[in-house]
2 protein chains.
Amino acid sequence: MARTPQKPSTAPSGNAITADLVAVLVAVTDGTPKIMTIAGGSALPSGPFEFSHRSLQTALRAWVEAQTGHPLGYVEQLYTFADRGRSGDARTPHSVSISYLGLTREDQVGEGFEAHWTGWYGYFPWEDHRAGVPPFLAKVITPKLKAWAKSAPSPTLQRERWQRCAINFGLDDRAWNEELVLQRYELLYEAGLIPEAGREHGRDTAVVPGKPMTADHRRILATGIARLRAKIKYRPVVFELMPAEFTLLQLQRSVEALAGRLVHKQNFRRLIEQQELVEETGAMAADTVGRPAKLFRFRHAVLAERAVAGTKLPLTRT
Amino acid sequence: MARTPQKPSTAPSGNAITADLVAVLVAVTDGTPKIMTIAGGSALPSGPFEFSHRSLQTALRAWVEAQTGHPLGYVEQLYTFADRGRSGDARTPHSVSISYLGLTREDQVGEGFEAHWTGWYGYFPWEDHRAGVPPFLAKVITPKLKAWAKSAPSPTLQRERWQRCAINFGLDDRAWNEELVLQRYELLYEAGLIPEAGREHGRDTAVVPGKPMTADHRRILATGIARLRAKIKYRPVVFELMPAEFTLLQLQRSVEALAGRLVHKQNFRRLIEQQELVEETGAMAADTVGRPAKLFRFRHAVLAERAVAGTKLPLTRT
DNA sequence: CATCTTATGCTCACGGAGAGTATAAATGGC
DNA sequence: GCCATTTATACTCTCCGTGAGCATAAGATG
């Protein structure tokens, strides 16, 4: 950037670059959070931004709708980054990647596309704590992190490194914080424990389970998951991922799938109902084990009624 | 964007564009939140992004540090938008604007620059509720909004419009929500009540107080203020705006300045102290009226100790 | 000394959230 | 038909965070 402030100009003021959109499209099916992937699951869908659209958001919607054949429920910009530090070669044309989070439903994807829905925990197995803390977290990841912390040059740095690890991974009797998805990924990256980092540093890094992705895509996915996990706590966005009618347990399972942790059933229901987020359809769920559950639908009116439309979920802390 | 997903490529894949950085630099002096402006206060500092930097964040830091002569405490990306819908002319080279929020202190700005610190409430006078609800809100803005709502084509739309107004501006006995800065600005924009909208629609719009800005800059500023107002509630970022040593009242005044509303003094102190965010320096404030206050400093250690480092502030609701 | 201003300590009541108990309503196996 | 199993749903209880107010201390000013 210039050293002195300048008036903003519409004239070309710097080197020409290209802009790409990268999408984290999320759906939840049968308690599994999935993302749309291409190239055999090794990349997120992306493409050049065409300025024929009025805005970035419009461009993304148009593109996704062409993909899935139905309107995208919720779209949110994630982050923009410049593609240089990671790609290496300074002579390649620079590009800016603008990433988005979008929420859909799997069943509405059109035919004849190369895209696939892939469970997101395949990329971040350590993020799924629904069945308790994953065993390999203590067996594989923790020792490796400990070793990495020990390898710091000074005792102070060693302690700082370990503190970061403990905070982010809920070690040393700390609570697991499901929102720190990106921080955990970056920590593992920094510790050289994932393939993407290995590409850069030339180290052997295939030690931690989890499928890698092209370029920065796994980092973008981590950003998206983190954003979504934070968002469901105070905005009623889960409903974008639900079918038109659902039981409260299905809703709860979706929330748990996204958060990667279980919630207290009775409290969950109390919160959902007291906030008047849903209304009974009158019908009951068919094909179920156990006592049949009432079917509910989302009350779209709440979006208009409330500003923040708080979706307090029992995910604060345990 | 392409209609089918593509592998991400580093090769030039679209039309060439330029990338600009726009900065919302905030400082708080004597209970007044200020932003760095150029061009007589009509624009935010901005400039082309130079790819010589490793990342966008690095570029922004370097540039700001050249401006102010001291390291930027806290930097956060705000939003990226494409400059087309607003600028109009389809033939001008397209550009992408990437906006950032940065926190500093006014006293550390270097000499010899065209930049100035300007109080942000000059641009958003309706956002300052520290002395109660601004009178012109009820006298000027509310009637205009009511008229705008009434002008909707159908009764349903009229009701919806008014509901939006009421929610965002705390009308009809609703509570004021200080975080809805952007929504309020967009509502006023949509209602054609501010000059920036007038430029586009050719309407007479200088009815609501508040200085306009170039292009989208006031919108970007609104985004920054909203983000900051939300952030101070759960991250200890206020301290980036404070001098090294401060009294609890000074800290409270800064928070109030940012939030645009007053907080309960005793509860504020209780929260700050119980979270161990500060420690006494041992010294007392000089040059004061009333009983002298202890001086405190921020405990930087908390940043390492806690993951989320919650700064619960008594700003939830009233 | 009276008054003003700010600092600081303490209490109280309400409501939200976590957690547990109890009961109802279905299915499938024997 | 009875029992085990599974899920739905209704209550209750306790703890704590938070909003709000009262009371007192410690300085300056006239």
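Note on naming: letters A, B, ... go to the chains in the order of the sequence lines (proteins, then strands), and numbering restarts at 1 for each one.
The NZ-P distance, from B:Lys233 to D:dT18, rounds to 13 Å in whole Å. Spacing between atom CZ of A:Phe268 and atom P of C:dG18 amounts to 13 Å, rounded to whole angstrom units. C:dT6 atom C1' lies 14 Å from atom CZ of B:Phe296, rounded to whole Å. Rounded to an integer number of Å, the gap from CD of A:Glu273 to P of D:dC11 is 12 Å. Separating the CD atom of B:Gln274 from the C1' atom of C:dC10 is a distance of 14 Å, rounded to the nearest angstrom. Distance, B:His264 NE2 to D:dG17 P: 17 Å, rounded to whole Å. Whole-Å rounding puts the A:Leu271 CG to D:dA10 C1' distance at 15 Å. Rounded to an integer number of Å, the gap from CD of A:Gln275 to P of C:dG15 is 17 Å.
B:Lys294 comes within 4.0 angstrom of the backbone, heavy atoms only, and of no base. Counting any heavy atom pair closer than 4.0 Å across all strands shown, B:Leu249 reaches sugar-phosphate atoms only and no base atom.
The shortest distance between the side-chain N/O atoms of A:Arg291 and the OP1/OP2 oxygens of C:dA24 is not below 4.0 Å. Distances shown here put every side-chain N or O of A:Lys265 at or beyond 4.0 Å from the OP1 or OP2 atom of D:dT9.
The side chain of A:Arg269 has D:dA8 as its nearest neighbour among C:dG20, D:dA8, D:dA20. Residue B:Pro292 has its side chain nearest to D:dA26 when only D:dA26, D:dT7, D:dC11 are considered. Among D:dT18, C:dA19, D:dA8, the nucleotide with an atom closest to any side-chain atom of A:Asn267 is C:dA19. Picking from C:dA17, D:dA8, C:dA22 the nucleotide with the shortest atom distance to the side chain of A:Gln266 gives C:dA22.
Between A:Phe246 and A:Phe239, the ring-plane angle classifies as tilted under the 30° and 60° cut-offs.
Minimum heavy-atom separation, B:Pro125 to B:Gly122: CD-O, 4.0 Å.
In summary, B:Arg227 and B:Glu179 do not engage in a salt bridge, as defined by a charged side-chain N under 4.0 Å from a carboxylate O. Remark: B:Arg261 engages B:Glu178 in a salt bridge, criterion side-chain N to carboxylate O under 4.0 Å.
For B:Val289 and A:Met284, each mapped to the nucleotide of DNA chain D holding its nearest heavy atom, the one lying further toward the 5' end belongs to A:Met284.
A cation-pi arrangement is found for A:Arg184 relative to A:Trp176, the charged atom lying closer than 6.0 Å to the ring centre and inside a 45° cone about the ring normal.
The base of D:dG17 is not paired with the side chain of B:Arg270 by any donor and acceptor separated by under 3.5 Å.
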